[in-house]
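Report on one structure; see the data block that follows.
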Amino acid sequence: MEHEILGKINSFQSMGAVDGPGLRCVIFMQGCPLRCAYCHNPDTWDFSQGTQHTPQELVEKILRFKPFIANGGGVTVTGGEPLMQPEFVARLFQLLHREGLHTALDTSGFGDLAKAAQVLEHTDLVLADLKFCSPQEYRQYCGGELSQALAFLELTARKSIPLWVRHVVVPGLTDSRENIQNLASLAARYPNLKKIELLPFRKLCLEKYQAMGIPFPLEYTPEMPEAAMEELNRMVQKTCGLL
């Protein structure tokens, strides 16, 4: 009998429209090694929390929505950090492929690269969260190493997995034209790049932090204005030749 893999899940969204193409089921994995200053999901940090499921259990749940997600949509696994549970995600994606469903991995790239490669064997799209463009900022505001994120991006390029790079734009932190130009130049190195998504900083997560009794580092940072986002989006797409 095949060993049953168990995964720690934080939550399940049946109809997401912002985590990859089309309508998607979105699975939020539990556990994350980073502590990003603007994190919207602090409830996913602690690996001891969440509920346990087998890949097959999730597939059965997802298949109830197949009529809505099969054409142009699919399933996105996010977090937390999915690569903290690579065996589970690899098996889940393998089963989803057997059902003809599109798979997307939303990740910061932090995990064992050899195990990440196994996940990518069954991944149709990578949504890579490239949080900062300098090692110093990555350490200061995320507690991680930029080199790890770039090593993962290199892996996606070697495996020719279609890549969307995502970047949160925070006023006074990542909203400078210089930073966005650096982001575009860095992302353009990867031949599998298909899209850059700039995500405006929002504070919808504030209630989560308050309920958990932990401070939100950017509580007093203003949200990103829409007009400024439009200008930066035009600039980054033009720089990468994606317009």
* **side chain to side chain contact (heavy atoms under 4.5 Å, CB included) between Leu113 and Gln148, intermediate numbers included** => CA-CA 9 Å; Leu113 285 184; Gln148 172 74 27; 4.1 Å; yes

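- Under a 3.5 Å cut-off, the side chain of Ser185 and the backbone N or O of Asn182 do not form any donor-acceptor pair.
- Leu199 is connected to Phe216 through a chain of hydrophobic side-chain contacts under 4.5 Å among Ile, Leu, Val, Met, Phe, Trp and Tyr, so both are in one cluster.
- Between Glu197 atom CD and Asp129 atom CG the span is 9.5 Å, to the nearest 0.5 Å.
- Put simply, the side chain of Cys39 reaches to within 4.5 Å of the side chain of Tyr209, judged on heavy atoms.
- Within the 4.5 Å cutoff, no side-chain heavy atoms of Leu58 are placed close to those of Leu96.
- Residues Phe28 and Val59 are members of separate hydrophobic clusters, defined by side-chain heavy-atom contacts under 4.5 angstrom among Ile, Leu, Val, Met, Phe, Trp and Tyr.
- Distance check: Cys133 SG to Ile180 CD1 gives 7.5 Å after rounding to the nearest 0.5 Å.
- Between the CG atom of Leu218 and the CZ atom of Phe201 there is a distance of 4.5 Å, given to the nearest 0.5 Å.
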* Asked: Do Arg166 and Lys195 pass the side chain to side chain contact (heavy atoms under 4.5 Å, CB included) test, and can you show the C-alpha distance, the side-chain angles, and the key distance before you say yes or no?
  -> CA-CA 8 Å; Arg166 307 176 109 189; Lys195 186 176 183 178; over 6 Å; no

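- Cluster membership for Ile196 and Val170, using ILVMFWY side-chain heavy atoms within less than 4.5 angstrom, is shared.
- Annotation: side chain of Thr54 is in contact with side chain of Leu6 (closest heavy-atom distance under 4.5 Å).
- Between Ile9 atom CD1 and Gln49 atom CD the span is 14.0 Å, to the nearest 0.5 Å.
- Using a distance-only test at 3.5 Å, with no hydrogens or angles considered, a donor-acceptor pair links the side chain of Gln30 to the main chain of Asp46.
- Glu121 and Lys159 are joined by a salt bridge, as a carboxylate oxygen and a charged side-chain nitrogen come within less than 4.0 angstrom of each other.
- Salt bridge present: Lys115 and Glu87 bring a charged side-chain N and a carboxylate O closer than 4.0 Å.
- Under the 4.5 Å side-chain criterion, counting only non-hydrogen atoms from C-beta, Glu231 is in contact with Arg177.
- Heavy-atom neighbours of Phe68 CZ from other residues, nucleotides or ligands within 6.0 Å: at or below the threshold of 12.
- Thr174 places a side-chain N or O within 3.5 Å of a backbone atom of Val168 that can act as its donor or acceptor partner.
- Judged by a 6.0 Å distance limit and a 45° cone about the ring axis, Lys131 is not positioned over the six-membered ring of Tyr141.
- The backbone N or O of Ser108 lies less than 3.5 Å from a partner atom in the side chain of Glu81, making a donor-acceptor pair.
- Judged purely by atom type and a 3.5 angstrom limit, His102 has no side-chain atom pairing as donor or acceptor with the backbone of Leu125.
- Hydrophobic clustering (side-chain heavy atoms under 4.5 Å, transitive across Ile, Leu, Val, Met, Phe, Trp, Tyr) keeps Leu127 apart from Val236.
- Checking Asp106, Leu92, Thr107, Thr123 one by one against Val77, the side-chain contact (heavy atoms from CB on, under 4.5 Å) holds for a single residue, Leu92.
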* Tell me, with the steps shown, if Phe88 and Met29 meet side chain to side chain contact (heavy atoms under 4.5 Å, CB included). => CA-CA 10 Å; Phe88 177 86; Met29 304 296 292; 3.5 Å; yes

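- A pairwise comparison of heavy atoms in Trp164 and Gly20 identifies CZ3-CA, 3.7 Å as the closest pair.
- Heavy-atom minimum distance, Ala187 versus Leu193: O-CD2, 3.5 Å.
- In the hydrophobic clustering of ILVMFWY residues, with side-chain heavy atoms under 4.5 Å counting as a link, Leu34 and Phe47 come out apart.
- Screening residues 59-76 for side chain to side chain donor-acceptor pair (under 3.5 Å), with sequence neighbours left out, gives Arg24-Thr76.
- Atom SG in Cys205 sits 12.0 Å away from atom OH in Tyr38 (nearest 0.5 Å).
- Closest of all the heavy-atom pairs between His53 and Glu57 is CA-OE1, 3.2 Å.
- Summarising the geometry of Ile214 relative to Pro42, their closest heavy-atom pair is CD1-CB, 4.1 Å, with the distance given to 0.1 Å.
- Side-chain contact between Leu95 and His122: absent, with no pair of heavy atoms (C-beta onward) separated by less than 4.5 Å.
- Across Gly16 and Val26, no two heavy atoms sit closer than the pair CA-CG2, 4.2 Å.
- The CG atom of Leu83 sits 10.5 Å away from the CD atom of Gln85 when rounded to the nearest 0.5 Å.
- Side-chain contact check for Tyr138 versus Glu145: every heavy-atom pair is 4.5 Å or farther apart.
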* List the steps and the verdict of side-chain hydrogen bond (donor to acceptor under 3.5 Å, both in side chains) for Asn10 and Thr44. => CA-CA 6 Å; Asn10 175 271; Thr44 67; 5.8 Å; no

* To do: Take Leu186 and Val165 through the test side chain to side chain contact (heavy atoms under 4.5 Å, CB included) and record every step on the way to the result.
  => CA-CA 10 Å; Leu186 197 161; Val165 166; over 6 Å; no

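- Using a 4.5 Å cut-off on side-chain heavy atoms (C-beta onward), Phe12 and Ile62 make contact.
- Scanning all heavy atoms of the two residues, the minimum distance from Gly109 to Phe152 falls at CA-CG, 3.6 Å.
- Enclosure of atom CD in Glu219 by more than 12 non-hydrogen atoms of other residues, nucleotides or ligands within 6.0 angstrom is indicated.
- Screening Asn179, Leu183, Leu198 for a side-chain contact (heavy atoms from CB on, under 4.5 Å) with Leu232, the sole residue that qualifies is Leu198.
- Checked by atom type and distance alone, the side chain of Thr103 never pairs as donor or acceptor with a backbone atom of Val75 at under 3.5 Å.
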